[in-house]
Each structure stands twice: as structure tokens, then as C-alpha cells.
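Remarks on the structure that follows.
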Amino acid sequence: MKDRMEAEVPSFAVVGRVNMGKSAVIATLLEIDDNELVRVSATPGETTRCQVHPVVFDGRECIRFIDTPGFSQPVEAMRAIQELHGAGTPGLDTLRRFVEGRGEAFGDEKRLLGPLLDGAGVLYVVDPSRPLRDDFLAEMEILRWTGRPRLALLNRRGGATGPDEERWREKLGGAFNLTRTFDAHRARFEERLRLLKSLLEIEEEHRDLLERTIELVQREWGQRRELAAEALVDLLRDALGLRVSLTLEEVDLRVEARRRRAEELLEKQYFESLAGHEGRCFSKWLEIYRHHLLKADGDAAAFSGIDLESAETWSKWGLDRGQLTLAAGIAGGAAGLAVDAATGGLSHGAGAVLGALGTAAAAWFKGGKLPDLRMDLGGKLTAGTGDRRQLRMGPPRNPNFPWVLLDGALSRYAQVLRRAHGRRDEARLKGDGTGFARHFPSDRRAVLAEWFGACLKGRANPAAEAAAYEALLEALEEIAEERGGTDG
Ligand SMILES: Nc1nc2c(ncn2[C@@H]2O[C@H](COP(=O)(O)OP(=O)(O)OP(=O)(O)O)[C@@H](O)[C@H]2O)c(=O)[nH]1
Ligand SMILES: [Mg+2]
């Protein structure tokens, strides 16, 4: 019964020397970053028994991978099997007798051979930067005797190519059906998919199921991107429409120090809320892409990662001057140019001057000409009843704000996709200055500019939002394919 069940689902045992990165390969391939589920560790011999990891879609198991303890005495085990067999080449029967034999000796080898005797294919993980010694040749020989479909995976842990790499390839070529590279610390979705497709080449028996699994994996990946785009739409809509306010008493208005304090308080509140919106989007992405060791920086201080005060940020991120002028022109003043002539109470100087200019000209000025690109929250006093007034702060007036916000988010999305689940170190998502928006095709920029304009005014525009969703989905796809970004 057990044999029959296992034959229904293609299984692959990940085998190799202790500490070669077998568990890391499984963790990256199956997106498991939890050490409780897949233990990846610098201490050799961490995996002591076989552990089955089924891949389930719609409640149905499609494929399974089995983590195994590493070979610890391959040369001695090879000799013992040969002795058991006598003359000629040992096969499955001899291996079975070896595995079922009494005694404590060769515990690791016996355990790792178990799944192969049950019908699993072989994923043999080696680090080709290591010297190719006899003990590795013994491992290859034992695996060859199983007669199972065999794929060799080169997991170059140090990154560098070793002097024996050619010999490794030659020997692996003789003993395995296929050799592929797979970097357990760096493999992205495309490499994971390629590995699954390689299984198709070596495993004839389960072709249909494997093809179906690959289809499901791809479809699900696309669905995740849609969820990610939705979260991004939510972030941008909420962040651009964000306004905070504070009620001031007459006395706050009259005492300069009090008024300044109120402004500072409100500005802090604004940034905290902004960071909250960012944090929610990034956390959602980490959930979608199953990362627990990556952290989203949702606190207000970290928002200065985008560093809205720095002129450098504005020149690296978001749109360049020409693009900004164009985007503002296309969107007819709706492109985030909340240049409000009636700035009123809290005039920050430049606002009033620019308010008199046309929108396109203002964009040009603000994008590159003003020496001091400081934050202008556009807070203003409105006449209230009695002796109380509302102090309000809305989005920064700099027309590049939506684009800088977008670039900040996209650079984090790229980091999420770049992170391999086989790693066990913690890391923080942070703005790294990679510019995406300025490489968008101009029609995509126009679609976004229109929607940004509506968001900045706090107006719902479902048609513009739907178009923006499609545009952002496209942008996320480019990032997944590593197109479309440049380091600032
Ligand atoms: N830099 C780098 N390190 C890696 C890579 N793959 C694995 N490692 C590291 O190598 C060490 C061993 O990784 P494991 O995946 O635990 O190795 P294993 O083969 O399962 O080891 P045992 O279960 O002990 O036999 C860990 O410290 C990993 O972080 C890689 O692709 N690049
Ligand atoms: Mg392990």
C-alpha cells in the first residue's frame, strides 16, 4: 500500500554530504524560511532523519521532496555494499539488503537510501568549489546503483568557482542524468521554476503530474502578484489622500511657540500615519511571499529611508524633471500639484510663489530648480467657529512625492522577491535608491499621474484606479523579471 501511494506522487530525495546545503535547497525551493520546519545550520549533521515535504495545491499533493541526513561514511558504505553483493554491479536488491541489515553502522547512509528504495528520484547536492575527493566519487557510485532518475545540483556556497569544477562536471555527467546549478541562498522564482522543469527531463513516469504541478506553481505565482498589486494600490491611495488635523485654541494661535509645537506634533502624526500605511503594504507582501525573517520597516523614523528632506532623494527617485513636467502637463494640474494659491496661515514661502505659476512650470521648478527641496505639508488654517481653528496637514506639495513613494515601495518589492527562503539571517526591507518610475513607458506614467492626482485630492476615481492597478501590475511583473530598475 505504501509503495502504491508513493508511486502516485512524484517524490525526490535531496541527498549529499553533510553540510552541503541540502536543507537550504529544500527551504528555498519550497519557500520555507522557518527553522522549525526545515533546519538549515552551519553545524554539520543537523538533519538526522528523513523529513517529507509535500507540495499541496487545492488540498491535493502534487509532488514531494524529502530532506535526508547527509552521507557520513560513503567510502566505507560503498565497500560494505560491494562486499554484500559480491562480483558485479550492485543493484536495488543489494541496497535493500544493506538498508535492512542489522547493526548501528552506516545509520545515515541507510536512512538516506530509504526513500530511494521506495521509488524517489535523486537530487544530489554538491558544492563544486570543494576539492573532488574519493568520498564524493563513492557517493555518486552508490547513487548510480539505485538506478533512480538522478539530477545533480551544483550549490556553489562560496560563490566562487573552484579548481575542480571541470572534473566535478565530468564525473557528475557520467553518473547523473542531468546537472544543474542552484544557489540556495540566491535562487529566485525563475530558478526555482527551472529546477522543477528539470525534473521533467529526468522523470518520465510522472510527466503529466509534473507538468500540471508546474502549471499550478506558475498560476499561483501570478495570483500572488495580483494580491501584491492590490496592496500597492491601497498604499498609494491611502498615503496620497492622507490628511491629519488638530484643533487649535485661540491661545495656541496667538502664542508663536505653541503654534510651532502644534505644527511639529501634526507633522509627526502625518509621518507616523504614512509609515503605518507603508508598513501595512510591506507586511502584506511579506505574508504573500511567505517571509518571516524579513522585516518591514513600518515605523516613522524608518520612513526617512525615503528621506523626503534630501535633495538627493528627489534627484535619484521618482521622475526626473522633464518627465515630471510632462506628467503634470498630461494630467492637467491634477498630478499631485496641490499648489494651492490660498496657502493661508502656514505659508512656506515657495508655495505662494509657485502657486502663481502654471502647473507644468511649477513642476519644473520644484523638480530641479529649488535649492531647498524641503517638505511642505501644506498645513493651513481655516476659519472655524468661535475661538477654535483646525490645523490641517495634507500630502507634501512636491509633485514628485507620489513617484518617490512609489519607488520606495517598488525597491522593497524587489528585495522581497530577491530573498531566498533558505537563508536564516534576519534582514530589514529598506529603501535602497533603486529608481523604477522614471523607466516606465510614458503611457504608464500618464495613467498613474491621473490617478495620483485624484488620490491627492482625496477623490475616488474608480476608472483611474482600475487603470492604475493594471499599470502597477505590469511594473511588478517587470521587477519579477528583473527588468526596469536602475540603481540610483
Ligand atoms: N553562502 C551560501 N551558504 C549556503 C548555501 N546553501 C547552504 N549554505 C549554508 O551551508 C550551511 C549548511 O546548510 P544546510 O542546508 O543545513 O546543509 P545540509 O546539507 O542540510 O546539512 P546537514 O543536514 O547537516 O547534512 C548553512 O550554514 C547554510 O546557510 C548557499 O547557497 N550559499
Ligand atoms: Mg540538512
Side-chain angles (χ1 to χ4, degrees), residues 27-28 31-37 185-189 220-221 223-242 244 267-310 313 316-318 395-396 401-437 455 468-469 472-473 475-480 482 484-485 487-488:
T28 291
E31 299 178 275
I32 304 170
D33 69 355
D34 184 345
N35 237 8
E36 298 291 314
L37 300 175
H185 269 203
R186 257 184 288 225
R188 299 160 52 101
F189 176 72
E220 199 252 0
W221 189 247
Q223 287 165 349
R224 285 203 236 171
R225 178 152 59 231
E226 289 170 8
L227 291 174
E230 273 179 51
L232 181 56
V233 166
D234 289 345
L235 162 63
L236 293 169
R237 187 205 317 102
D238 296 346
L240 297 180
L242 178 65
V244 291
E267 188 173 306
K268 186 160 169 279
Q269 214 182 70
Y270 175 83
F271 279 119
E272 275 171 4
S273 303
L274 197 57
H277 290 305
E278 282 202 307
R280 272 187 289 285
C281 173
F282 303 159
S283 300
K284 184 89 197 161
W285 284 349
L286 294 177
E287 190 188 314
I288 293 169
Y289 292 100
R290 301 174 193 164
H291 284 292
H292 305 90
L293 297 173
L294 274 184
K295 304 289 172 201
D297 48 6
D299 60 300
F303 186 83
S304 62
I306 281 195
D307 200 1
L308 286 170
E309 308 255 5
S310 139
T313 298
K316 272 187 184 172
W317 284 22
F401 173 62
W403 304 98
V404 170
L405 191 71
L406 175 59
D407 266 349
L410 293 180
S411 77
R412 272 129 176 131
Y413 185 73
Q415 288 162 42
V416 172
L417 293 194
R418 222 181 286 137
R419 168 81 178 195
H421 292 76
R423 300 180 64 131
R424 289 294 178 263
D425 55 319
E426 285 199 3
R428 230 158 224 295
L429 295 175
K430 52 177 188 289
D432 60 7
T434 313
F436 295 95
C455 293
Y469 166 81
L472 292 171
L473 191 61
L476 296 188
E477 189 169 353
E478 281 173 6
I479 292 173
E482 296 210 286
D487 292 337

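Residues: numbered from 1 along the sequence shown.
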Checking Arg224 against Glu287 for the salt bridge (Lys or Arg N to Asp or Glu O under 4.0 Å) test, could you report, in this order, the C-alpha distance in whole Å, the side-chain angles of both residues, the deciding distance, and whether it holds? CA-CA 10 Å; Arg224 285 203 236 171; Glu287 190 188 314; over 6 Å; no
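- Between Glu482 and Arg188 there is a salt bridge, since a side-chain N of the basic residue sits under 4.0 Å from a carboxylate O of the acidic one.
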Let's go through Leu410 and Leu232 carefully: what are the C-alpha distance in whole Å and the side-chain angles of both, what is the deciding distance for side chain to side chain contact (heavy atoms under 4.5 Å, CB included) to 0.1 Å, and is it a yes or a no? CA-CA 9 Å; Leu410 293 180; Leu232 181 56; 4.0 Å; yes
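- Expressed to the nearest 0.5 Å, how far CD of Glu278 lies from CG of Leu429 amounts to 10.5 Å.
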Show your reasoning for whether salt bridge (Lys or Arg N to Asp or Glu O under 4.0 Å) applies to Asp425 and Arg419. CA-CA 11 Å; Asp425 55 319; Arg419 168 81 178 195; 3.5 Å; yes
From CA spacing to verdict: side chain to side chain contact (heavy atoms under 4.5 Å, CB included), Tyr469, Leu473: CA-CA 6 Å; Tyr469 166 81; Leu473 191 61; 4.2 Å; yes
Applying side chain to side chain contact (heavy atoms under 4.5 Å, CB included), run through Leu405 and Leu240 and close with a yes or a no. CA-CA 9 Å; Leu405 191 71; Leu240 297 180; 4.1 Å; yes
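- Glu31 places no side-chain N or O within 3.5 Å of a backbone atom of Ala27 that could act as its donor or acceptor partner.
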What verdict does the side chain to side chain contact (heavy atoms under 4.5 Å, CB included) test give for Arg225 and Tyr413, after you've listed the backbone C-alpha separation in whole Å, the side-chain angles of each residue and the deciding distance to 0.1 Å? CA-CA 10 Å; Arg225 178 152 59 231; Tyr413 185 73; 4.1 Å; yes
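- In this pair, Phe189 and Trp221 present their aromatic rings parallel. The plane angle is below 30°, not in the 30 to 60° band.
- In this structure the side chain of Leu227 never reaches within 4.5 angstrom of the side chain of Gln223, judged on heavy atoms.
- For the side-chain hydrogen bond (donor to acceptor under 3.5 Å, both in side chains) test with Asp33, the passing option among His421, Arg290, His292 is His292; the others fail.
- Interatomic distance, OG of Ser283 versus NZ of Lys295, reported as 9.5 Å (0.5 Å rounding).
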